[in-house]
Novice: 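Sharing a structure below in structure tokens format, with a few things to ask.
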Amino acid sequence: QNHNLIEELKKSGINPTTTVSQLKNRAFIGKTVVLTGKLNTLTREEATELIEKRGGKVTESVSKKTSLVIAGADAGSKKTKAEQLGIAIIDEEKFLVLIGE
């Protein structure tokens with residue numbers, strides 16, 4: 001059934017394939033991200049641009065609506081609050097892997 005559906009979509013001009021790069025470009029769709037601490041390889045502006053280009057929104061403070069915190073060196077109260085709220089926290093290295101940089 002799925003194969004037939006895919007063939008019908010292709011005949012209609014829709015190509016339902018997804019590449020890894022397309023997934024990486026959508027990594028932050030609908031996500032609210034907070035940056036905290038010192039990033040080693042990116043400026044905050046660069047990190048913000050990378051997140052926004054992938055559909056995310058960067059905010060300054062951690063709240064229940066925060067999806068992810070990217071914590072650099074010397075991350076402080078924002079990281080602590082994210083831990084208390086059970087929000088996912090990744091470091092810059094994992095962030096770069098996630099976006100394919």
Novice: Ser63: what forms a side chain to side chain donor-acceptor pair (under 3.5 Å) with it, not counting sequence neighbours?
Specialist: none

Novice: Give a yes or no on this: more than 12 heavy atoms of other residues, nucleotides or ligands lie within 6.0 Å of atom CG of Asp74.
Specialist: no

Novice: Taking a hydrophobic cluster as the set of Ile, Leu, Val, Met, Phe, Trp and Tyr residues connected by side-chain heavy atoms closer than 4.5 Å, whether directly or through intermediates, do Val33 and Ile87 fall within one such cluster?
Specialist: no

Novice: Quick test of your reading: applying ring-ring contact (aromatic ring centres under 6.0 Å, His included), list the pairs with at least one residue in residues 34-66, sequence neighbours left out, ordered by first then second residue.
Specialist: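 Counting only pairs at least two positions apart or across chains, no ring-ring contact (aromatic ring centres under 6.0 Å, His included) contact touches residues 34-66.
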
Novice: Give a yes or no on whether Ile89 and Leu39 share a hydrophobic cluster (residues Ile, Leu, Val, Met, Phe, Trp, Tyr; joining criterion: side-chain heavy atoms under 4.5 Å apart).
Specialist: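 No: no chain of side-chain contacts under 4.5 Å links Ile89 to Leu39.
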
Novice: With sequence neighbours left out, which residue pairs that include part of residues 86-99 fulfil the side-chain hydrogen bond (donor to acceptor under 3.5 Å, both in side chains) condition?
Specialist: Thr41-Glu92

Novice: Write down the atom of Ser67, the atom of Gly30, and the distance for their closest heavy-atom approach.
Specialist: OG-O, 4.3 Å

Novice: Name all residues meeting the side-chain contact (heavy atoms from CB on, under 4.5 Å) criterion together with Glu52; count only those two or more places apart in sequence or in a different chain, and write none if there are none.
Specialist: Thr48

Novice: Ala75: what forms a side-chain contact (heavy atoms from CB on, under 4.5 Å) with it, not counting sequence neighbours?
Specialist: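 side-chain contact (heavy atoms from CB on, under 4.5 Å) list for Ala75, sorted by chain: Thr36, Ala71, Lys79.
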
Novice: With Ser77, which residues qualify under side-chain contact (heavy atoms from CB on, under 4.5 Å), at least two apart?
Specialist: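 Scan of Ser77 (side-chain contact (heavy atoms from CB on, under 4.5 Å), adjacent residues dropped) gives none.
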
Novice: Give me each pair satisfying ring-ring contact (aromatic ring centres under 6.0 Å, His included) with a member in residues 77-101, each pair once, sequence neighbours excluded.
Specialist: Phe28-Phe95

Novice: Filter on ring-ring contact (aromatic ring centres under 6.0 Å, His included), then keep only pairs touching residues 30-61, sequence neighbours left out; what's left?
Specialist: none

Novice: In chain order, what residues pass the side-chain contact (heavy atoms from CB on, under 4.5 Å) check against Val34, with sequence neighbours excluded?
Specialist: Thr59, Val62, Thr66, Val69, Lys78

Novice: Which pairs, with at least one residue in residues 33-87 and sequence neighbours excluded, count as a ring-ring contact (aromatic ring centres under 6.0 Å, His included)?
Specialist: none

Novice: When rounded to the nearest 0.5 angstrom, what distance separates CZ in Arg44 from CD in Glu49?
Specialist: 16.0 Å

Novice: How far does CG of Leu35 sit from CD1 of Ile70, to the nearest 0.5 angstrom?
Specialist: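 Leu35 CG to Ile70 CD1: 5.0 Å, rounded to 0.5 Å.
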
Novice: Would a single hydrophobic cluster contain both Leu98 and Ile51, if residues Ile, Leu, Val, Met, Phe, Trp and Tyr are joined by side-chain heavy-atom contacts under 4.5 Å?
Specialist: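 Yes, it is one cluster - the side chains of Ile51 and Leu98 are joined through contacts under 4.5 Å.
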
